[in-house]
2 protein chains.
Amino acid sequence: MTRTTPDPFAVWLPLARAHKAILTHVEAALKSAGLPGLDRYDILWELEQAGPDGLRPFELQGRLLLPQYGVSRLVDRLARAGHLTRSACDGDGRGQVLVLTPEGAEVRAAMWAVYSAAMQQAIGDHLAKGEARRLAELLGKLIRDDDTVTPRQDTGQPGQSAP
Amino acid sequence: MTRTTPDPFAVWLPLARAHKAILTHVEAALKSAGLPGLDRYDILWELEQAGPDGLRPFELQGRLLLPQYGVSRLVDRLARAGHLTRSACDGDGRGQVLVLTPEGAEVRAAMWAVYSAAMQQAIGDHLAKGEARRLAELLGKLIRDDDTVTPRQDTGQPGQSAP
DNA sequence: TGAAAGTCAATGCACCTGCATTTAATTTCT
DNA sequence: AGAAATTAAATGCAGGTGCATTGACTTTCA
């Protein structure tokens, strides 16, 4: 006998809609607070974790799951906004070192307040603890192994949150 | 006492990653089959359902949850690709009527074969029926009411699948 | 009727993304 | 050492997206 499998669209439709709803909600909250979009959050967070030694773009690339040119341009925008500094990397003439500025840290903190509150509204307020746990577990089954990030210490204010 | 709520990020992170993984998988399958991206699928499907009478752009807008200019441009691309025809709308001089071409129908059918198979791989193969049902149910709790589409008869080949 | 308000659709502008390529430095290998 | 291969990062180009505005037509209503 052939084992029957579920209709994938019965999962995909609500998954896509939930994703869109949450993202829309959070982005709207950030925008109405005059803050940058979610795409900038993770990089600020990673740089904050890295501290004054900073990070190289290619290290960021590994952590953020962005293509090389994506990092290059994101870094460029952040630098123009004054949220990070680029400086030559001694020991490797090709590279550069990225360090968060104080302004960048302030922006990240302000974003976190809005971001976490919006997520709480969009998700936490709609699920009981047990439901959330089960949902996370089921979603985990859908994640393919090949796009996994280099693990990092958990410190409470997650990265990897961008679309 | 205050009721405790779950950590929203414990849900958001796997949700975002599952969404991305599925989308990447499906888009890659379509691309490697030389077919248009997922964004075009739903509109082709809606037009196919509408039959020879076609649809007005603003009707599409309601069904697809796209902004007005999004529909305008998507329609423009589809028209240039020969997948639909635009013709003046008698009775309303502002509007136009969109009708699927035979080529458009062929493309949609070809997309469906790839699309549904890819979804099966990305979702169906990873979940048991009961898990899928529960997952869909939990995701439903996260969908805000304000971005709901006008309901349509279910005919087996879903729209509303785009990112 | 005819002016004001509303609706349908397109578009200019700025910005973002993917792809492929380029530039420049470094590592590997003989 | 020196040529070849590899790696770091930027960029030109084509296209996609959001926002605000415009143009054209229709409806409302005094």
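Order of the sequence lines fixes the chain letters, A, B, ..., with proteins taken first and strands second; residue numbering starts at 1 for each chain. When reading the values below, keep in mind they use all heavy atoms of this one structure, side chains included, and skip hydrogens, waters and symmetry mates.
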Once you round it to whole Å, what is the distance between P of D:dA9 and CD of A:Q61? 8 Å
Can you measure B:L60 atom CG to C:dA10 atom C1' for me and round it to whole angstrom units? 16 Å
Would you say D:dG18 has OP1 or OP2 under 4.0 Å from some side-chain N or O of B:Y69? yes
Roughly how far apart are A:L55 CG and A:L47 CG, rounded to 0.5 Å? 5.5 Å
Ring centre gap for A:W112 and B:F9 strictly below 6.0 Å: yes
Of A:Q96 and B:R77, the one whose closest DNA chain D nucleotide lies more 5': A:Q96
Are A:Q68 and C:dG18 close enough that a side-chain N or O sits under 4.0 Å from OP1 or OP2? no
Atom CZ of A:R56 and atom P of D:dT7 are separated, to the nearest Å, by 14 Å
Length of the line joining B:D92:CG and D:dA24:C1', which is rounded to integer Å: 10 Å
Selected nucleotide, minimal atom distance to B:R40 side chain, candidates D:dG18, D:dC25, D:dG16: D:dG16
Plane angle bin for B:H19 and A:W12 - parallel if under 30°, tilted between 30 and 60°, otherwise perpendicular: parallel
Within the structure shown, what part of the strands sits under 4.0 Å from A:D76 by heavy-atom distance: base, sugar-phosphate, or nothing? nothing
Could you check whether B:R73 gets within reach of a base, just the sugar-phosphate, or nothing at all, counting any heavy atom under 4.0 Å? base
Give the intermediate values and the outcome of side-chain contact (heavy atoms from CB on, under 4.5 Å) for residues B:R56 and B:D92. CA-CA 11 Å; B:R56 303 278 304 269; B:D92 190 339; 3.5 Å; yes
B:L74 CG to D:dG18 C1': how many Å, rounded? 15 Å
Pick the nucleotide of DNA chain D nearest each of B:R80 and A:F58; which residue has the one closer to the 5' end? A:F58
Given atom CG of A:L78 and atom C1' of D:dA10, what is their separation to the nearest angstrom? 16 Å
Check whether the side chain of B:R94 and the base of D:dT26 form a donor-acceptor pair under 3.5 Å. no
Side chains of A:E103 and A:H83, donor plus acceptor under 3.5 Å: no
For A:D90 and D:dA8, give me the distance from atom CG to atom P, rounded to whole Å. 17 Å
Does a side-chain N or O from B:R86 land closer than 4.0 Å to OP1 or OP2 of C:dA10, or not? yes
